Amino acid sequence: MRQQMHAHIRPQPGILDIALYQGGTSKIAGRDDVVKLSSNENPFGPGDMARQAYARAGHDLHRYPSTDHASLRAALGAHFGLDAGRIICGAGSDEIISFLCQAYAGPGDEVLYSQHGFLMYRISAMAAGATPVAAPEQERTADVDALLAAANKRTKLVFIANPNNPTGTMIPMEEVARLADGLPAQALLVLDGAYAEYAAGYDGGAALVDQRDNVVMTRTFSKLFGLGGLRVGWGYGPQHVIDVLNRLRGPFNLSSMQLDVAEAALGDAAHINRSLTENARMRTWLAAKLNAIGLATDASYGNFVLARFRDAAQADACNSALLADGLIVRQVGSYGLPEALRITIGDESACRRVAHVIAAFMEAQP
Ligand code: PMP
């Protein structure tokens with residue numbers, strides 16, 4: 001986007017330094033048989049119950065939505081075994097991340113995250129006027145010692161995604177608890193659980209939130225529930241944090257359609273189970289295929305795998321080969337991983353196509 005500097009009207013310091021977030025590409029010129037594997041979307045789309053709720057919600061569009069989201073929060077509380085009074089819903093978990101930065105960080109404050117962490121932490125920190133700080137990772141995995149070493153009296157927020165995007169790695173709950181224990185008293189730890197459901201047996205950090213007053217969890221309907229286009233996310237935290245975030249939240253930040261469809265999706269056990277089972281099956285299959293042709297992957301706990309190539313040039317060339325075949329995956333240079341490609345786990349036919357094209361590409365490598 002072209003930068004237009006006005007002679008007199010200027011935004012807050014730091015805003016013009018924000019690099020725009022690039023979403024996953026979805027089109028290739030001249031092709032209509034494209035498979036999009038660049039945004040970690042559920043290949044099965046929304047479930048039947050969500051689709052039906054979407055059709056029903058159209059009849060009530062003249063009505064303002066609920067301001068307190070009580071029905072969706074109650075459903076989330078029942079589904080995940082949480083106190084509905086300490087849930088806040090937003091336009092994607094992006095909005096919760098933004099509320100957290102606006103509420104807790106400003107000029108002179110630091111927002112800490114791990115090296116290959118989700119780009120919105122940096123963007124939202126800068127939008128709030130705070131300074132983003134990245135702590136190094138070990139083997140593409142968050143490093144609690146490095147995060148603790150980087151935390152100081154200016155640190156107001158610490159973000160880690162568990163499992164992380166784009167690496168797919170995660171750290172055990174004991175390590176997360178050690179991080180929460182070791183942070184300075186004024187710092188709030190945010191556990192981003194956008195992919196939590198895909199990690200079998202993991203509660204996204206909900207139990208830790210209940211035990212402490214300095215931990216918040218963010219979650220989303222965009223991944224497992226197949227509703228990335230609907231924009232519904234939520235946060236769960238101590239009462240003092242939720243009360244603060246609600247002051248920033250617009251009274252009608254979610255439409256009645258968003259609220260109703262998300263609630264219906266929570267009740268669609270068949271769709272949830274199918275999505276989880278197929279993701280686990282094809283994730284194992286694709287990782288094994290990639291490993292067999294000499295591409296390293298870390299064990300992924302999400303709905304994607306990160307394939308590592310010899311170098312950035314090889315990753316780039318493989319990306320071109322995939323595009324030539326109508327397959328769009330994600331280049332992750334902006335995450336500091338130019339030698340890797342992040343591939344969303346599609347349905348079986350998409351995974352087979354990806355494996356086939358990458359195998360042919362590697363075969364032809366000198
Ligand atoms: N956190 C992580 C780690 C993500 O990968 C994403 C989506 N790419 C989000 C948060 C935001 O998702 P949404 O706003 O759709 O809930």
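From a predicted model like this one, the values you see are computed outputs, not experimental measurements. Counting starts at 1 for both ligands and their atoms, following the listed order.
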For ligand 1, the residues whose heavy atoms come within less than 4.0 Å (ordered by chain, then number):
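Its neighbours under 4.0 Å (heavy atoms only) are Gly92, Ser93, Asp94, Phe118, Ala161, Asn165, Asp192, Ala194, Tyr195, Thr220, Ser222, Lys223, Arg231, given by chain and number.
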Please confirm whether Tyr202 and Tyr301 have ring centers closer than 6.0 angstrom.
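Centroid separation for Tyr202 and Tyr301: 6.0 Å or greater.
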For this session: Using the test side-chain contact (heavy atoms from CB on, under 4.5 Å), find all partners of Cys89 that sit at least two apart in sequence or belong to another chain.
Result: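 Residues passing side-chain contact (heavy atoms from CB on, under 4.5 Å) with Cys89: His69, Leu72, Arg73, Leu76, Ile87, Trp234, Leu254.
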- For the residue pair Gln22 and Ser334, confirm or rule out a side-chain donor-acceptor distance under 3.5 Å.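 Result is no, nothing qualifies.
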Residue pair Arg342 / Asn165, side-chain donor-acceptor N/O under 3.5 Å: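 Looking only at side-chain atoms, Asn165 and Arg342 do form a donor-acceptor pair, the distance falling under 3.5 Å.
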Which donor-acceptor pairs under 3.5 Å do the side chains of residues 120-132 make with protein atoms, sequence neighbours left out?
residue : atom : partner : partner atom : Å
Tyr121  : OH   : Asp192  : OD2          : 2.7
Ser124  : OG   : Met120  : O            : 3.0

Pairs where residues 86-114 contributes a residue and the test salt bridge (Lys or Arg N to Asp or Glu O under 4.0 Å) is met, not counting sequence neighbours: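 Qualifying pairs, neighbours excluded: Asp83-Arg86, Arg86-Asp210, Asp94-Arg231, Asp109-Lys156, Glu110-Arg154.
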